[in-house]
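Just below is one structure, and these are the notes that go with it.
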Amino acid sequence: MTIKDLFVSAPGKAILHGEHAVVHGKVALAVSLNLRTYLRLKGTTTGNVCINLPNIDTFLCYDLSELKQLIPGSCGKREDGKLLDAELVRRLREFIGVTNGNLDTCNMATLSFLYIYLSLFGSSELPSLTVSVWSELPTGAGLGSSAAYSVCLAAALLCTSGAIPAPLKDLDPTARWCQDDLERINSWAFQGEMIIHGNPSGVDNAVGTWGGMLRFLAGKIIPLSRVPLLRILLTNTKVPRSTKVLVARVKDKINKFPSIMIPVLDSVDAISCTCEKVLSEMTSEPITGEHYNILEELIDINQHHLNVMGVGHSSLDTLCQVTLTKGLHSKLTGAGGGGCGITLLRPETDSSVVQTTVQDLKDCGFDCWETSIGGPGVQQHSPLSVKEEVLEILNRY
Ligand SMILES: Nc1ncnc2c1ncn2[C@@H]1O[C@H](COP(=O)(O)OP(=O)(O)O)[C@@H](O)[C@H]1O
Ligand SMILES: C[C@@](O)(CCOP(=O)(O)O)CC(=O)O
Ligand SMILES: [Mg+2]
């Protein structure tokens, strides 16, 4: 099998409203970021599959003859689906040496790669190749790095298997896939997310696949094309956490106190719907201070709800307090328990206020930057269109 070298990238995301509630069938509003994960796939003749993940210090090679033995006899080429092949997951866990149920950073990333690779190539000849991934996103911080990683894996491996075409034409710097191909990428990325998250809603991989701002409800994805330009400050508290653990914690709480927690989830749903309505009004009528007042109140209420769900953290309380002294409103974004928060900036927020806020947050030990939102979804790149510093890292392997 001849394998063409290929570069793909996918964006991270910020959830404006609806994290956790979305896992339980409520509405979430999410938007892509201008921070991306890049993947390079190249064919080799070594008889190995190698994966280089410098963000998480993971560099592994597997012999194709060993991998071949993991493919269950009946497996064949799996069709896209919403369910994982439990037998393949079990064999892979045993193969990479996951003894307890707890998967660490490296094992989760390796397992999702090998799962997609073997599922897509299982019935044919396993190709010898090297995959290298580098991300501008912080890993495990609420900005959807797991989804951006899974989307890149799905896109690159689907292309290499021939299940979808490589869209890049000779002189294009970048290219995107057609709607049907994006659906397939999203569906395989969701399987990668299932391995990393346990029980993902699918919102993160949808944003990584389509980009822009989305309304997500029970697997249904509605792109929001008319949204106002929002200025957002992103803060990474740098407190590590695992989405899988936090999602499981919220589920336990719902099971323990259903009559208390279900109204909280319903309230988050109403917050997402109200926010969507306000954002839409802001594109059809002159933007007023009242629009921003409502957006700020929604942020505050949701942050309280997330604390009620048990996914707050003292570092996130600090973020909210520090920004409030400047009249700015913040909430956690993603799974919480540390990780990142978003702060809404009003159009009239002076750049000196932004600068002092950023400095105050940095003084707390946090990373903090103003971000632009709404970057493109998954795309294929010509090598020339990959940022030089990213190319330099990916070309090392
Ligand atoms: N660039 C990357 N390289 C390798 N693995 C990655 C990368 N980005 C994310 N991952 C995988 O995703 C996991 C983090 O996922 P998660 O806990 O959902 O946090 P996040 O909010 O960043 O999505 C990591 O432990 C790792 O297994
Ligand atoms: C908590 C959740 O709503 C978002 C998780 O996002 P992240 O992995 O923390 O970036 C889980 C999900 O939707 O699958
Ligand atoms: Mg994630």
Side-chain angles (χ1 to χ4, degrees), residues 9-30 32-33 35-40 51-60 96 98 102-115 131-153 189-190 192-208 214 216-219 234 236 239-251 265 268 272 302 306 309-311 332-342 390 393-394:
S9 76
K13 62 92 228 273
I15 297 185
L16 298 183
H17 290 292
E19 46 275 274
H20 290 290
V22 67
V23 176
H24 305 279
K26 309 297 176 191
V27 174
L29 296 181
S32 60
L33 298 173
L35 297 173
R36 303 182 74 83
T37 296
Y38 293 83
L39 178 152
R40 176 182 189 176
I51 179 142
N52 301 303
L53 308 172
N55 294 102
I56 59 165
D57 238 348
T58 297
F59 307 90
L60 296 165
I96 62 174
V98 182
N102 283 333
L103 293 165
D104 66 15
T105 304
C106 160
N107 283 338
M108 286 195 292
T110 311
L111 194 60
S112 53
F113 165 70
L114 289 177
Y115 181 86
V131 164
S132 307
V133 180
W134 171 255
S135 186
E136 300 168 331
L137 292 157
T139 305
L143 301 183
S145 77
S146 59
Y149 172 70
S150 300
V151 170
C152 284
L153 287 179
F190 182 73
E193 277 282 84
M194 277 204 260
I195 287 171
I196 297 175
H197 277 198
N199 181 25
S201 64
V203 64
D204 290 7
N205 48 279
V207 179
L214 301 178
F216 186 95
L217 173 66
L234 266 177
N236 185 359
V239 174
R241 62 351 53 95
S242 147
T243 300
K244 191 175 179 153
V245 170
L246 290 150
V247 166
R249 188 187 296 172
V250 173
K251 187 165 185 235
L265 301 179
V268 171
S272 295
N302 198 356
L306 288 159
M309 288 182 214
V311 297
L332 68 83
T333 188
C340 289
I342 50 173
V390 176
I393 295 168
L394 292 177

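In what follows, residues are counted from 1 in the order of the sequence shown. In each ligand, atom 1 is the first atom listed, and ligand 1 is the first ligand listed.
- Polar contact check, S201 against ligand 2: a nitrogen or oxygen pair lies under 3.5 Å apart.
- Contact of the L217 side chain with the K26 side chain is not registered, since no non-hydrogen atoms from C-beta on lie closer than 4.5 Å.
- Looking at ligand 2, you won't find any N or O of G18 less than 3.5 Å from one of its N or O atoms.
- Taking every non-hydrogen atom of L143 and a distance limit under 4.0 Å, the qualifying atoms of ligand 1 come out as 21 (O).
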- Item | Test side chain to side chain contact (heavy atoms under 4.5 Å, CB included) applied to F190 and S150, step by step | CA-CA 7 Å; F190 182 73; S150 300; over 6 Å; no

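- Among protein heavy atoms, the minimum distance from atom 4 (C) of ligand 2 is reached at I15 CD1, 3.8 Å.
- With hydrogens and angles left out, the side-chain atoms of R40 and S132 include no donor and acceptor closer than 3.5 Å.
- At the top of the distance list for atom 11 (C) of ligand 2, counting protein heavy atoms only, stands V23 CG2, 3.7 Å.
- Between D204 and ligand 1, no pair of N/O atoms sits closer than 3.5 Å.
- The line from CG of L143 to CG of N236 is 7.0 Å long, rounded to the nearest 0.5 Å.
- By the 3.5 Å distance cut-off applied to N or O atoms, G142 is counted among the residues near ligand 1.
- The distance criterion of under 3.5 Å between nitrogen or oxygen atoms is not met by G334 with respect to ligand 2.
- Looking at atom 9 (O) of ligand 2, its nearest protein heavy atom turns out to be A335 N, 2.9 Å.
- Applying the 4.0 Å criterion to heavy atoms of I196 picks out, from ligand 1, the atoms 12 (O), 13 (C), 15 (O).
- Taking 2.8 Å as the threshold, S145 does not count as a candidate ligand of the Mg ion (ligand 3), since none of its N, O or S atoms lies below it.
- Among the atoms of D204, some N or O lies under 3.5 angstrom from an N or O of ligand 2.
- Side-chain contact annotation: E193 with S146, donor-acceptor N/O pair under 3.5 Å present.
- Contact analysis puts R241 in contact with ligand 1, with a non-hydrogen atom separation below 4.0 angstrom.
- Put simply, the side chain of I15 does not reach to within 4.5 Å of the side chain of L29, judged on heavy atoms.
- Considering both main-chain and side-chain atoms, T243 comes within under 3.5 Å of ligand 1 through a nitrogen or oxygen pair.
- Close N/O approach between K13 and ligand 2 is found [any backbone or side-chain N/O within under 3.5 Å].
- Of the protein's non-hydrogen atoms, the one nearest atom 3 (O) of ligand 2 is H20 N, 3.0 Å.
- Of the polar atoms of S145, at least one N or O is found under 3.5 Å from an N or O of ligand 1, judged by distance alone.
- Residue contacts with ligand 1 leave out T37, since none of its heavy atoms falls under 4.0 Å from the ligand.
- At a heavy-atom cutoff of 4.0 Å, ligand 2 is contacted by the side chain of R241 but not by its backbone.
- In summary, the atoms of ligand 1 found under 4.0 Å from a heavy atom of N55, numbered by their order in the structure, are 1 (N).
- Assignment of A141 to the shell around ligand 1 is supported, since a heavy atom sits closer than 4.0 Å.
- When each atom of ligand 1 is checked for a heavy atom of H197 under 4.0 Å away, the hits are 18 (O).
- Summary of contacts: the protein heavy atom closest to atom 8 (O) of ligand 2 is T243 OG1, 2.8 Å.
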